[in-house]
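Notes to accompany the following structure.
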Amino acid sequence: MDGGAVPKLLFARAPKDAVEERKIRRLAGARHASADWIRRAQIIALARTQPAGRPVRDPATDELSVNDETGPGAWTLDTLTAAAHELGIVVARSQVRRILLAEGVRRRRTRSWATSHDPHFAPKEPASLPFMPARRE
C-alpha cells in the first residue's frame, strides 16, 4: 500500500430470502446467462465467503487459527479483485466497486489494533525525541 491509505472492509448483505439466494447461486454457476449478471453474481458470492487469511477461533481449544497465512484477513476491493482473478473471473477493481455499490454492500474502515474502548487499555507512549544539544549563537 502507498502512503498510509487504509483499505475499507467490505461486507455483502445476506440474501433477502431463499428465492434470492437460489437465484444468486444459479447465476454464479450459469454459463448461458448475460455475462454481466454472471460476473455480478460471482462477485457477490465471493464477497460472502470468509477470506483465507481471516483468523477463526476453534470452539474446542479457544485458539485462533488461520487457513492461509499469506491470504487476506479481510475483503477489500484489491483483495476481492485478486481472488476473483485467481478463480478465473475477469474483472477490474473499478468494476468490483460498481457491482458492490449497486448491491448496497456496506464499506467499513479497518480498525487499528492500537486503539481500544477498554478503560484499562494503556496506549503506547509517544517515542521520545533524540537528545539534541542546544544551538549556540
Self-check item: W75: which of V105, T49, V96 passes side-chain contact (heavy atoms from CB on, under 4.5 Å)
Solution: T49
Starting at [atom1] of [X], measure out to [atom2] of [Y] and round the result to the nearest 0.5 Å.
X	Y	atom1	atom2	value
I43	R98	CD1	CZ	12.0 Å
T79	R93	OG1	CZ	10.0 Å
D58	L64	CG	CG	9.5 Å
L80	R97	CG	CZ	14.0 Å

Any donor-acceptor N/O pair, [X] side chain to [Y] backbone, under 3.5 Å:
X	Y	value
E20	K16	yes
R54	A74	no
R39	I89	no
H85	V90	no

Exercise. Assess whether side-chain contact (heavy atoms from CB on, under 4.5 Å) is satisfied between E103 and L100, documenting all intermediate values.
Key: CA-CA 5 Å; E103 288 297 317; L100 296 175; 5.7 Å; no
[X] and [Y]: which non-hydrogen atoms are nearest, and at how many Å?
X	Y	value
R48	A14	NH1-N, 3.7 Å
L46	A84	CD2-N, 3.7 Å
V66	A52	CG1-O, 3.7 Å
P72	P51	O-CB, 3.1 Å

Quiz item: Under 4.5 Å between side-chain heavy atoms, hopping through other hydrophobics if needed: is there a path connecting L87 to L77?
Solution: yes
